[in-house]
Number of protein chains: 2
Amino acid sequence: MRKSNQHPDIPAPGTGKRGEEGYLGYLLRQAAGAYRHRVERSLADLGVTPPQFATLTMVAAYPGLSNADIARLAMLTPQTVSVIVANLERSGSLVRKPHAIHGRILQLELSESGQALLKTCRGRVHAIEKELTEGLSPEEERTVRRWLVSVATAGGADKD
Amino acid sequence: MRKSNQHPDIPAPGTGKRGEEGYLGYLLRQAAGAYRHRVERSLADLGVTPPQFATLTMVAAYPGLSNADIARLAMLTPQTVSVIVANLERSGSLVRKPHAIHGRILQLELSESGQALLKTCRGRVHAIEKELTEGLSPEEERTVRRWLVSVATAGGADKD
DNA sequence: AACAATATATAAGAGCTCTGATATTATGCG
DNA sequence: CGCATAATATCAGAGCTCTTATATATTGTT
């Protein structure tokens, strides 16, 4: 079977409703999915997922964060963060220590291996990040950044 | 506990690394997540998820699509689509019929209830879609659309 | 006709994300 | 002090998405 038994009339990616004429929400979902795919593959051999990378980055920037802190930062639910952190703790990249004052809070820190791992991940992700700005003028990049932030913070931005 | 036991120094959303100065990839992930949240909540009482809405929309546009067709359209794996379609079939919104010629292919169609459901979903999602363009000039919207498409189609765009 | 290659569908296992519910701890107020 | 409120953490269940693997069907080549 040389060719796929593809339905007639379906548009190629980047054309019609799949292109610049489509719904912005659809295009946003498509772009985010494609970007996630690329980061996923670039980190796959390290056993690190994009959410794990984001979590490692946050803990590195603010050591002592709690699960709840990360949930607020990442705009995720505490339950979701709990899963990610549990996997990172199991793999030995994160350590959890009880808070000195508040008995219930568990503070996060990167282990040594976690720090080394994050460093490796960073190099790869930064390379992909660069590609995102290719073909954009500084003026256009400002427009895109402003739009992304406005979408992220619209509608009350959940909590915080 | 009036206030959260929040870590000191964490930036507010929309500021610092969480704002226009942050990584584009981070901003993209944040924006897509926020948009998904809004659509999710707006469709929650109908028992429809964003991927289900996207699938219903595609089948409505091109009746007779197969699972594999949808996977190509949505840039997802056939396994992923299989889950979504199975849930839509179980809820009675989609019907699968064997292909007239190719015995293995199952073609999809919307049921009557599926058509009615899609109509309801559309109204709600279109309202959210409108908010996405607020504050954007036509020129800026063109820039954003072009960028989203370029991100979605970069790097070989998986297959197709 | 037989075989190889491709396409479709599906199952199993993992991670991410949500909602809902529960337990524990800390804070604020009467 | 004691109780209501709120914050943190966690469990259970659902859906989405991936990778890997398997079974079936179609097509092209020998």
Side-chain angles (χ1 to χ4, degrees), chain A residues 1-7 29 32-34 36-41 43-45 47-55 65-72 74-91 96 98-108 158-160, chain B residues 1-7 29 32-34 36-41 43-45 47-55 65-72 74-91 96 98-108 158-160:
Chain A
M1 195 181 287
R2 284 278 98 65
K3 284 212 48 75
S4 104
N5 299 309
Q6 197 169 286
H7 193 86
R29 174 176 174 275
R36 177 175 52 79
H37 277 40
R38 259 176 285 172
V39 176
E40 231 163 36
R41 293 192 183 175
L43 300 180
D45 64 297
V48 178
T49 65
Q52 287 175 2
F53 170 68
T55 300
L65 287 177
S66 67
N67 272 11
D69 287 326
I70 294 178
R72 279 185 288 264
M75 302 199 289
L76 298 172
T77 60
Q79 295 90 329
T80 297
V81 173
S82 177
V83 173
I84 302 167
V85 166
N87 285 330
L88 284 172
E89 189 183 20
R90 180 160 48 72
S91 73
R96 303 206 289 174
H99 192 286
I101 302 174
H102 299 271
R104 187 126 189 86
I105 298 179
L106 295 173
Q107 292 191 295
L108 298 169
D158 282 282
K159 344 193 154 101
D160 272 66
Chain B
M1 196 180 287
R2 284 277 99 66
K3 284 212 47 77
S4 102
N5 300 309
Q6 197 169 286
H7 192 87
R29 174 176 174 275
R36 177 176 51 79
H37 277 41
R38 258 176 285 172
V39 176
E40 232 163 35
R41 293 194 183 174
L43 301 179
D45 63 297
V48 177
T49 65
Q52 287 175 2
F53 170 67
T55 300
L65 286 177
S66 67
N67 272 12
D69 287 327
I70 294 177
R72 280 186 287 265
M75 302 198 288
L76 297 173
T77 61
Q79 296 89 332
T80 297
V81 174
S82 177
V83 172
I84 302 167
V85 166
N87 286 330
L88 283 172
E89 190 183 20
R90 180 160 48 73
S91 74
R96 303 205 290 172
H99 192 286
I101 302 175
H102 299 272
R104 187 122 190 90
I105 298 179
L106 295 173
Q107 291 192 295
L108 299 170
D158 282 282
K159 340 194 156 96
D160 269 65

Taking only side-chain nitrogens and oxygens of Arg90(B), does any of them come within less than 4.0 Å of OP1 or OP2 of dA14(D)? no
With respect to the phosphate group of dG15(D), does any side-chain polar atom (N or O) of Thr49(B) fall under 4.0 Å of OP1 or OP2? no
With a 4.0 Å cutoff (strictly under), does any side-chain N or O of Thr80(B) reach OP1 or OP2 of dC18(D)? yes
Please give, in whole Å, the distance from dG15(D) C1' to Glu40(B) CD? 9 Å
Quick one: OG on Ser66(A) to CZ on Arg72(A), what's the gap to the nearest 0.5 Å? 6.0 Å
Let's see if you can work this out: which of dT17(C), dT17(D), dA21(D) has an atom nearest to the side-chain heavy atoms of Gln79(B)? dA21(D)
Okay, side chain of Thr55(A), backbone of Pro51(A): is any donor-acceptor separation there less than 3.5 Å? yes
Indicate, with a heavy-atom threshold strictly under 4.0 Å, whether Gln52(A) touches base, sugar-phosphate, or nothing. sugar-phosphate
Atom CD1 of Ile105(B) and atom P of dT6(C): how far apart are they, to the nearest Å? 17 Å
So, OP1 or OP2 of dC18(D): does either fall under 4.0 Å of a side-chain N or O from Thr77(B)? yes
Which nucleotide sits closest to the side chain of Val83(A): dT8(D), dT10(D), dC16(C)? dC16(C)
Please report the distance, rounded to the nearest Å, between CZ in Arg41(B) and C1' in dC18(C). 10 Å
Does Asn87(B) make a side-chain N or O approach to OP1 or OP2 of dC16(D) shorter than 4.0 Å? yes
Say you draw a straight line from CD1 of Ile105(B) to CG of Leu65(B); how long is it, rounded to the nearest 0.5 Å? 11.0 Å
Just how far, in rounded Å, is C1' of dG15(C) from CZ of Phe53(A)? 18 Å
Flag side-chain contact, heavy atom, 4.5 Å: Val48(B) against Leu88(B): no
Once rounded to the nearest 0.5 Å, what's the spacing between atom OG1 of Thr49(A) and atom CZ of Arg36(A)? 10.5 Å
Take the protein atom CG of Asp45(B) and the nucleotide atom P of dG20(C), then report the distance between them rounded to whole Å. 12 Å
Side chain of Leu76(A) - closest among dT17(C), dT8(D), dT10(C): dT17(C)
For Arg36(A) and dT17(C), is the shortest distance between a side-chain N/O and OP1 or OP2 below 4.0 Å? no
Among dA9(D), dT8(C), dT17(C), find the nucleotide with the atom closest to the side chain of Pro51(A). dT17(C)
Take atom CG of Leu106(A) and atom C1' of dT24(C), then tell me their distance rounded to the nearest Å. 12 Å
Comparing Asn67(A) and Arg29(A) on DNA chain D - which has the more 5′ nearest nucleotide: Asn67(A)
Nearest-Å distance, CD1 (Ile70(A)) to P (dC16(C))? 13 Å
Rounded interatomic separation in angstrom, taking CE from Met75(A) and C1' from dT17(C): 14 Å
